[in-house]
Number of protein chains: 2
Amino acid sequence: MYTISEIAKLLGITAHTLRYYEKEQIIAPIRNANGERAYDDSNLTWLRFVMRLKQTQMPISQIREYAQLYLEGEHTAQARLNLLEDHRNSVQSQIKNLTATEKVLEDKIAAYKNLITEDKELKTR
Amino acid sequence: MYTISEIAKLLGITAHTLRYYEKEQIIAPIRNANGERAYDDSNLTWLRFVMRLKQTQMPISQIREYAQLYLEGEHTAQARLNLLEDHRNSVQSQIKNLTATEKVLEDKIAAYKNLITEDKELKTR
DNA sequence: AATTGACTTAGAGTAAACTCTAACCCGTAT
DNA sequence: ATACGGGTTAGAGTTTACTCTAAGTCAATT
C-alpha cells in the first residue's frame, strides 16, 4: 500500500492532482483506518496507464469513460475495445503528423545553420 | 489576397481564432481600403507552419516568441535556431512516447479481441 | 502539552486557448 | 431604401486541467 504522496512521487505529479483525478472518477483508492487514501499495486498500474493516455492527448473525460466502463463489468468489453481502437488511431495520426513536422523542422534547422555559417564568414573577412 | 474567412476555411479554424492569433502577435496581416484584414501568400505559409507547431504541442507563447524574433531581423537567427532545435527535440520525444503507447494499445486491443471472441464461443455453445 | 508533518475536505483561483457577444460599419442585391 | 452578408472592435465568457487555500484531524516527536 502507498500513501498519496508516495504515488505522486512515483508518477511525477502532485497529491493535489491525484485528488483531482479521484473527483473526476478516474481512480478510487480505498481508505485506511485514518481515513487516508491507500493505493495498491493495481491502482499504481492503472494510474501509469492513465499517465500514458494523458501524455498521448486523451482528454480526462474519455479516460473517465473508460474507467467507468471497466467498473460496469465485462459486458462493456466491446465498448472499451472501441475506445482503445479510437485512441490507437489518434496515436497513429499524431505520429504521422509529428514525423512530417520533424522533417520540416530539420529542413528549417539546416537552412538556419547555413545562414548563420555564411554570416560568420562574411564577418571575419 | 485572402479575406479572414477564406484563410479560416483554408486552415480549418474560425475567423475568431485568427483575430485571437493577431492579438497574440502571431500574425499581422495588412488592411485593405475598408479596414479589413487582407492576408497574402506569405501570411498563409506562415500560418500553415503555425498550425504545424500548434498540432505538435508548441504553446502560443513560444510561437509568438519565434514570430517576434523574426520581426526583429537577421541578428536573431541564432535564437530562432535554438527555438527550432528545442521544438525538434520535443517532437522527437513525443514520437518516442507515442510509439511506445501505440504498442501498449495494440497489446490491450489484442487482449480485448481475444476476450470478446471467447465470450462469443461460450455463448453459442 | 505543544509542535511538526502528513493527511483530510470543500471550494476558490489560475492559465491556456479559444469562443462568443454586442454594437457598429460597409458594399451589394432586391 | 432597406435588408443581407460580410467585415470591424472591445471585452466578456467558456472549457480543460489543474493548483492552491483554509480549516481541520491525527500520529509521532520534542
Side-chain angles (χ1 to χ4, degrees), chain A residues 1-40 43-44 46-68 83 87 90 94 97, chain B residues 1-40 43-44 46-68 83 87 90 94 97:
Chain A
M1 291 299 206
Y2 310 87
T3 66
I4 194 168
S5 57
E6 282 166 349
I7 291 287
K9 195 167 187 184
L10 285 168
L11 298 177
I13 63 179
T14 69
H16 285 307
T17 304
L18 278 168
R19 292 190 198 101
Y20 165 70
Y21 289 164
E22 193 170 336
K23 193 157 54 182
E24 291 298 321
Q25 300 167 74
I26 281 170
I27 177 90
I30 59 162
R31 301 308 175 102
N32 68 15
N34 246 324
E36 294 172 4
R37 289 164 181 84
Y39 298 80
D40 64 17
N43 290 153
L44 181 56
W46 163 240
L47 284 169
R48 285 198 161 121
F49 183 54
V50 168
M51 289 302 111
R52 264 203 181 294
L53 296 178
K54 274 198 48 55
Q55 282 159 10
T56 56
Q57 322 304 318
M58 187 185 277
I60 292 288
S61 57
Q62 255 176 71
I63 299 175
R64 174 180 42 234
E65 203 180 324
Y66 183 81
Q68 298 285 277
L83 275 183
H87 189 55
S90 155
Q94 287 178 67
N97 197 2
Chain B
M1 291 299 206
Y2 309 88
T3 67
I4 195 167
S5 57
E6 282 165 350
I7 292 287
K9 195 169 186 183
L10 285 168
L11 298 177
I13 63 180
T14 69
H16 286 307
T17 304
L18 278 167
R19 291 190 199 101
Y20 164 71
Y21 289 163
E22 192 170 337
K23 194 156 56 184
E24 292 297 321
Q25 300 167 76
I26 280 170
I27 177 90
I30 59 162
R31 302 306 176 106
N32 68 15
N34 246 323
E36 294 172 6
R37 290 164 181 83
Y39 298 81
D40 63 18
N43 291 154
L44 181 56
W46 164 240
L47 284 169
R48 286 197 160 122
F49 184 54
V50 168
M51 291 300 112
R52 263 201 183 295
L53 296 178
K54 276 198 45 57
Q55 282 160 9
T56 56
Q57 323 302 319
M58 187 185 277
I60 292 287
S61 56
Q62 255 177 71
I63 300 176
R64 173 179 43 233
E65 204 180 324
Y66 183 81
Q68 298 286 278
L83 275 183
H87 189 55
S90 154
Q94 286 178 68
N97 196 3

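Each chain gets a letter, A, B and so on, in the order its sequence line appears, and its residues count up from 1.
- One can place OH of Y39(A) at 11 Å from C1' of dC7(C), the figure rounded to the nearest angstrom.
- Taking atom NE2 of residue H16(B) and atom C1' of nucleotide dG13(D), one finds them 12 Å apart after rounding to whole Å.
- For dC7(C), one of the phosphate oxygens OP1 or OP2 lies less than 4.0 angstrom from a side-chain nitrogen or oxygen of S5(A).
- Here R19(B) lies in heavy-atom contact (under 4.0 Å) with a base.
- Side-chain N or O atoms of N32(B) include one that pairs as donor or acceptor with a backbone N or O of N34(B) at under 3.5 Å.
- Rounded to whole angstrom, the span from the OH atom of Y2(B) across to the P atom of dG7(D) amounts to 16 Å.
- Under 4.0 angstrom from either OP1 or OP2 of dC20(C) there lies no side-chain N or O belonging to Y20(B).
- Regarding K23(A), its NZ atom lies at a distance of 13 Å from the C1' atom of dT16(D), rounded to whole Å.
- A distance-only check finds a donor-acceptor pair linking the side chain of Q94(B) to the backbone of T56(B) [under 3.5 Å].
- The minimum heavy-atom distance between N43(B) and A38(B), with the atom names listed, is OD1-O, 4.1 Å.
- For the OP1/OP2 pair of dT25(D) and a distance below 4.0 Å, the side-chain nitrogens and oxygens of N34(A) include no atom meeting the criterion.
- Under a 3.5 Å cut-off, the side chain of Q57(B) and the backbone N or O of Q55(B) do form a donor-acceptor pair.
- Ranking dA17(C), dC18(D), dC18(C) by closeness to the P59(B) side chain, first place goes to dA17(C).
- Residue-level contact check: T14(A) touches neither bases nor backbone, having no heavy atom under 4.0 Å from any strand.
- The CD atom of E24(A) sits 8 Å away from the P atom of dA17(D) (whole-angstrom rounding).
- The side chain of R31(A) places an N or O atom within less than 4.0 Å of a non-bridging phosphate oxygen (OP1 or OP2) of dT9(C).
- Between dG7(D) and R37(B), no contact under 4.0 Å exists linking OP1 or OP2 to a side-chain N or O.
- For the pair I13(B) CD1 and dC20(C) C1', the interatomic distance rounds to 16 Å; values are reported in whole Å.
- One atom, CD of E22(A), and another, C1' of dA10(C), lie 14 Å apart when rounded to the nearest Å.
- Here dA17(D) presents its P atom at 13 Å from CD of Q57(B), a figure rounded to the nearest Å.
- Nearest heavy-atom pair, L18(B) versus I4(B), reported as atom, atom and distance to 0.1 Å: CD1-O, 3.5 Å.
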